[in-house]
2 protein chains.
Amino acid sequence: MADKNERRVFHNNEDCPIRNVIAQIGDKWSMLILFALVDGEDRFNSLKSRIVGISQRMLTQTLRDLEREGYVNRTVFPEVPVRVEYELTEMGREIVKPLYQLVSWAEHHHEKIKQARADYDSMA
Amino acid sequence: MADKNERRVFHNNEDCPIRNVIAQIGDKWSMLILFALVDGEDRFNSLKSRIVGISQRMLTQTLRDLEREGYVNRTVFPEVPVRVEYELTEMGREIVKPLYQLVSWAEHHHEKIKQARADYDSMA
DNA sequence: CGGAATCCTATTCGATACTG
DNA sequence: CAGTATCGAATAGGATTCCG
């Protein structure tokens with residue numbers, strides 16, 4: 001057993017990096033948008049059709065949040081009709097790297113996880 | 001610009017590994033609990049005091065979910081008073097690796113993110 | 001085309017009280 | 001000690017309508 005003194009204490013507040021990262025990308029759509037923009041810059045409605053099921057409202061809102069956190073750049077081209085393009089910032093391109101590790105792990109263990117869930121539910 | 005044909009389409013449903021992983025650990029407490037258990041197995045009330053701010057209800061519920069997904073094992077020792085210990089499963093120990101990558105990235109860029117947020121808020 | 005504004009629902013989460 | 005049960009507040013997110 002681990003020595004009691006080695007046990008860390010975790011604070012769930014704004015200064016906690018764990019809390020911060022989960023608060024930023026732990027919502028329903030952020031990661032999907034980040035991954036979509038890995039393929040290169042894209043327009044609002046193109047993103048909307050590529051991210052199946054997202055509402056206009058949530059796409060706008062999530063893009064604003066990602067822009068605010070510094071992961072996405074927004075560029076307005078004052079044409080008629082207006083064109084708006086979104087692209088990853090340097091920070092955006094960086095954060096997707098560890099995210100890819102996570103997703104590739106998840107893809108690799110997808111079946112095992114579904115199995116664990118089924119096993120658990122078949123009990124009790 | 002990226003070729004249009006290279007652009008992937010993302011589906012936010014149960015078969016999407018991205019969605020799955022975020023649905024599992026994207027809540028308020030899961031990652032903190034997983035990281036707490038990295039230090040070794042621990043008891044319910046010990047976890048409760050180490051994860052500052054978590055309520056009894058959410059600790060129970062999140063532990064049950066993590067157990068269901070196969071990340072945590074729960075062992076009851078029928079002593080008086082009862083002792084219940086939680087520990088990471090093999091899968092639990094594995095998923096924290098990519099999570100650590102993410103958190104360490106977040107810690108490293110913590111200031112940059114706060115700055116981006118401040119910059120964004122000072123505009124408009 | 002790319003939003004903003006409004007309304008409404010479902011889910012999440014915390015507080016509190018009780019229990020084997 | 002380690003929960004369960006119940007309630008209520010806050011938040012997230014979807015649907016719809018309108019706009020420059």
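A note on names: the letters A, B, ... follow the listed sequences, proteins ahead of strands, and every chain is numbered from 1. Reckoned from all heavy atoms, side chains included, excluding hydrogens, waters and symmetry mates.
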Checklist entry - On DNA chain C, nearest-nucleotide positions of A/Arg83 versus A/Asn12: which is more 5'? => result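 By nearest-heavy-atom nucleotide position, the 5'-most residue is A/Arg83.
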Checklist entry - Between A/Asn45 and B/Gly53, which has a closest nucleotide on DNA chain C that is more 5'? => result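 The residue whose closest nucleotide sits nearer the 5' end is A/Asn45.
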Item to check | Side chain of A/Val82 (C-beta onward), nearest among D/dG13, C/dC1, D/dA2 | outcome: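 Nearest listed nucleotide: C/dC1.
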Item to check | B/Thr60 side chain, from C-beta outward: closest of D/dG14, D/dG3, D/dG20 | outcome: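 Looking only at side-chain atoms, B/Thr60 lies closest to D/dG3.
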Item to check | Under 3.5 Å side-chain donor-acceptor pair for A/Gln24 and A/Tyr71 | outcome: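 Present: a donor and an acceptor within the cut-off.
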Checklist entry - Taking atom types as modelled and ignoring hydrogens, do the side chains of B/Ser122 and B/Asp119 form a donor-acceptor contact shorter than 3.5 angstrom? => result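 The answer is no; no qualifying pair exists.
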Item to check | Exceeds 12 heavy-atom contacts within 6.0 angstrom, atom CD of B/Glu79 | outcome: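 Check passes, neighbour count above 12.
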Next on the checklist: Is the ring pair B/Tyr86/B/Phe44 parallel, tilted or perpendicular, if the boundaries are 30 and 60 degrees?
Outcome noted: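 Rings of B/Tyr86 and B/Phe44: tilted, 30 to 60°.
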Rounding to a whole Å, what distance do you find between [X]:[atom1] and [N]:[atom2]?
{"X": "B/Leu59", "N": "D/dC1", "atom1": "CG", "atom2": "C1'", "value": "13 Å"}
{"X": "B/Ile51", "N": "C/dC13", "atom1": "CD1", "atom2": "P", "value": "14 Å"}
{"X": "A/Leu47", "N": "C/dC1", "atom1": "CG", "atom2": "P", "value": "14 Å"}
{"X": "A/Gln61", "N": "D/dG13", "atom1": "CD", "atom2": "C1'", "value": "8 Å"}
{"X": "B/Met58", "N": "D/dA5", "atom1": "CE", "atom2": "C1'", "value": "15 Å"}
{"X": "A/Lys48", "N": "D/dA15", "atom1": "NZ", "atom2": "C1'", "value": "11 Å"}
{"X": "A/Asp27", "N": "C/dC13", "atom1": "CG", "atom2": "C1'", "value": "17 Å"}
{"X": "A/Ile54", "N": "D/dA15", "atom1": "CD1", "atom2": "P", "value": "12 Å"}

Answer with base, sugar-phosphate or nothing: what part of the nucleic acid does [X] contact at a heavy-atom distance below 4.0 Å?
{"X": "B/Val84", "answer": "sugar-phosphate"}
{"X": "B/Gln56", "answer": "base"}
{"X": "B/Lys28", "answer": "sugar-phosphate"}

Item to check | Student check: side-chain heavy atoms of A/Asp15 and A/His11 closer than 4.5 Å | outcome: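 No, too far: nothing below the 4.5 Å cut-off.
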Next on the checklist: So B/Ser30 and B/Leu66, do their side chains get closer than 4.5 Å, heavy atoms only?
Outcome noted: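 Yes, their side chains come closer than 4.5 Å.
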Next on the checklist: Between B/Arg117 and A/Glu69 (salt bridge meaning N to carboxylate O under 4.0 Å), is one present in this structure?
Outcome noted: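 Salt bridge present between B/Arg117 and A/Glu69.
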Checklist entry - Would one find a side-chain N or O of B/Arg57 under 4.0 angstrom from OP1 or OP2 of C/dA15? => result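 So the side-chain polar atoms of B/Arg57 never come under 4.0 Å of the phosphate oxygens OP1 or OP2 of C/dA15.
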Checklist entry - Taking only N and O in the side chain of A/Tyr86, is any of them less than 4.0 Å away from OP1 or OP2 of C/dC1? => result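 No, no such contact exists.
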Next on the checklist: Expected output is a numbered-order residue list: members of residues 63-78 of chain B with a heavy atom under 4.0 Å from any atom of DNA chain D. What is it?
Outcome noted: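 Heavy-atom contacts with DNA chain D come from B/Arg64, B/Arg74.
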